[in-house]
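All remarks here apply to the structure that follows.
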Amino acid sequence: MQRTVDKKTFDVEQVRKDFPILNQSINSKPLVYLDNAASTQKPQHMIDQLCHFLKHDYANVHRGIHSLSQRSTVLLEATRKKIQNLINAQSENEIIFLRGVTEASNLLAHVLATKINPGDEIILTEMEHHSNIVPWQMLAQANKATIRVIPINDLGELDMDIYKTLLNDKTKLLVFSHISNALGTINPIDAMIDLAHQYNALTVVDAAQSIAHKKINVQEINCDFLMFSAHKLYGPTGFGALYGKEDLLNTLPPFHGGGEMIDHVTPLESTYKNAPARFEAGTPNIMGAIAFSASLDYFNQYNLQTIEAHEQSLLNSAQEQIKKISGIKVIGQAEHKASILSFYHQDIHANDIAMLLDQMGIAVRSGHHCAQPIMDHFKISSTCRASFAMYNTHEEVDYFINALNKSIKMLG
């Protein structure tokens, strides 16, 4: 049973009780989970609701008139409505279910190919995740278009002056992340979209890192597309959503062919339904949708501004303390930054630091974070990344800093 939460208060210790995985030891040390930018942990409410669904309601959706199919369909479509409300889409028809941001990016790169001609230009940023680079490179190569890149400065911020010079009448797409997964930089989303629309370019926002940390209103920012993965928002892997303006979606061709997305089929030709069905061929990830619905119910109990303030406080503390550790360099020091702390030691490999931290029960990420252009910019191969979520505490931050100090002394 889900407990009642007072939105005016935020009790992190009570929140932690809702995430059973946190109550364990790793290498005989209490788990300190600081890998939230990679994936967040799951509340008991999600686990319970998914088990209840599988025990009592499961059947394939949309196609059946029997009771179980009807119940499953109602629950599935309720998830679509909750996602619509989460991002303030105008219609639930603008919400497409898929596996996550990687599939969404590939879907868009495929279906938008009809709008990209030889000589057209696609603007990306230097801070994109590979899943938001490679599909667009494939599109550009296939359609003989050109990729333009907004560079970052040494604080990890986009150079907006250069961005303005890249825009021209050949610009057809602006593709960018709301928050960088490797830097934590929060990009000026409203200004970037407004500038692109002055040239009639379509805008694609990767909200994978922002969906759990920032309020998103797609009607206010006026993006054409926005995508996120459920597992970044205390939900399951293998499920996510793509938002697109309804009128625009209905002008685009399908991505996959199969059942459910068709209007009429003959052996020689087919016609297709409107969105979202047009882009949802085959049996959807029903269990993923049900689990994410429960995660949203849990998350929506809280005031997002309160969560954001808590996470910012954790980041501020970690950044202040890490400055005192000799040899450590922080990358990503933007004025506007989310709760991601990426750092490296000038003489010690990030993987070695991460392995020693794991011996002390601390989970961080090490590597290039699928953001090699960022690493190239800073002339490094990898970083350690500590990323904070609503269930992390100041005591964990202090323990992490002390463990990092200890690790460097051991490795130095």
Side-chain angles (χ1 to χ4, degrees), residues 12-13 15-16 19-42 129 156 179-185 209 212-213 231-232 234 237 310-333 337-372 374-375 378 380-412:
V12 66
E13 293 303 329
V15 169
R16 290 178 64 81
F19 291 82
I21 199 170
L22 300 179
N23 186 31
Q24 65 171 294
S25 296
I26 300 292
N27 296 315
S28 301
K29 304 291 184 181
L31 170 63
V32 176
Y33 185 79
L34 302 180
D35 195 21
N36 296 286
S39 197
T40 51
Q41 298 298 343
K42 318 308 169 192
H129 189 281
I179 294 177
S180 164
N181 75 303
L183 299 169
T185 303
Q209 293 298 331
H213 307 285
H231 71 98
K232 309 284 190 181
Y234 311 104
T237 53
H310 171 69
E311 294 171 343
Q312 193 66 44
S313 178
L314 297 174
L315 175 67
N316 291 344
S317 176
Q319 289 190 141
E320 193 61 34
Q321 293 187 64
I322 206 170
K323 291 177 184 177
K324 301 172 185 176
I325 302 178
S326 178
I328 288 289
K329 305 291 183 183
V330 173
I331 69 163
Q333 300 186 56
K337 182 175 173 179
S339 53
I340 291 172
L341 179 62
S342 283
F343 60 93
Y344 69 96
H345 191 281
Q346 55 194 16
D347 299 318
I348 304 170
H349 197 281
N351 287 348
D352 294 332
I353 294 173
M355 284 191 289
L356 271 188
L357 291 176
D358 180 63
Q359 290 301 310
M360 290 178 261
I362 301 170
V364 297
R365 181 73 41 162
S366 62
H368 54 61
H369 316 296
C370 293
Q372 287 182 328
I374 289 176
M375 303 300 135
F378 289 99
I380 55 178
S381 62
S382 61
T383 69
C384 282
R385 182 186 67 190
S387 47
F388 308 102
M390 64 188 294
Y391 41 61
N392 290 124
T393 68
H394 280 280
E395 290 77 13
E396 288 182 320
V397 170
D398 294 344
Y399 179 69
F400 157 64
I401 293 294
N402 288 334
L404 179 58
N405 245 320
K406 189 180 299 184
S407 298
I408 289 172
K409 288 176 181 177
M410 293 172 65
L411 293 165

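Considering only heavy atoms from C-beta on, Arg16 comes within 4.5 Å of Thr393 through its side chain. Looking at Ser382 and His349, their side chains come closer than 4.5 Å, going by heavy atoms from C-beta outward. When side chains are defined from C-beta on, Glu311 does not count as touching Leu315, because their heavy atoms never get closer than 4.5 Å. Taking 4.5 Å as the limit, some side-chain heavy atom of Tyr234 sits within range of a side-chain heavy atom of Met390. Two residues are said to be in side-chain contact when any heavy atoms from C-beta on lie closer than 4.5 Å; Ile331 and Ile374 meet this criterion. Considering only heavy atoms from C-beta on, His394 comes within 4.5 Å of Ser313 through its side chain.
Side-chain atoms of Arg385 never come within 3.5 Å of backbone atoms of Ser342 as a donor-acceptor pair (strictly under, hydrogens ignored). In this structure, the side chain of Thr40 does not engage the main chain of Asn36 through any donor-acceptor pair within 3.5 Å. Checking side-chain atoms of Asp358 against main-chain N and O of Ala354 turns up no donor-acceptor pair under 3.5 Å. A distance-only check finds a donor-acceptor pair linking the side chain of Lys337 to the backbone of Gly332 [under 3.5 Å]. Between the side chain of Lys42 and the main chain of Phe19, no donor-acceptor pair closer than 3.5 Å is present. Here the side chain of Thr185 pairs a donor or acceptor atom with the backbone of Gly156 at under 3.5 angstrom. In this structure a side-chain-to-backbone donor-acceptor pair under 3.5 Å is missing from Gln359 to Asn27. With hydrogens and angles ignored, the 3.5 Å screen pairs a side-chain donor or acceptor of Tyr391 with a backbone N or O of Gln41. At distances below 3.5 Å, not a single donor-acceptor pair connects side-chain atoms of Glu320 with backbone N or O atoms of Ser317.
Distance check: Leu314 CG to Asn392 CG gives 6.0 Å after rounding to the nearest 0.5 Å. Interatomic distance, CD1 of Ile325 versus NZ of Lys406, reported as 12.5 Å (0.5 Å rounding). Separating the OG atom in Ser407 from the CE atom in Met360 is a distance of 3.0 Å, to the nearest 0.5 Å. Taking CD1 of Ile401 as the reference point, atom NZ of Lys323 lies at 12.0 Å (rounded to 0.5 Å). Here CD1 of Ile322 is found 5.5 Å from CG of Leu404. Values are rounded to the nearest 0.5 Å. Here the CD1-OH distance, from Ile328 to Tyr344, works out to 9.5 Å after rounding to the nearest 0.5 Å.
When all heavy atoms of His310 and Ala389 are compared, the pair lying nearest together is CD2-O, 4.2 Å. When all heavy atoms are compared, the tightest approach of Gly184 to Ile179 is O-CG2, 3.8 Å. Contact between Ala318 and Leu341 at its shortest, heavy atoms only, is CB-CD2, 3.8 Å. What you find for Ser387 and Ala37 is that their closest heavy atoms are OG-N, 2.8 Å. Closest non-hydrogen pair, Gly367 versus Asn351, comes out as N-OD1, 4.3 Å. Contact detail for Met375 and Ser381: the closest heavy-atom pair is CG-O, 4.0 Å.
In this structure, Phe400 and Phe343 have tilted ring planes: the angle between them lies in the 30° to 60° band.
Other residues, nucleotides and ligands place more than 12 heavy atoms under 6.0 Å from the CG atom of Asp347.
Judged as a side-chain hydrogen bond (donor to acceptor under 3.5 Å, both in side chains), and not counting sequence neighbours, the contacts of Thr383 are His369.
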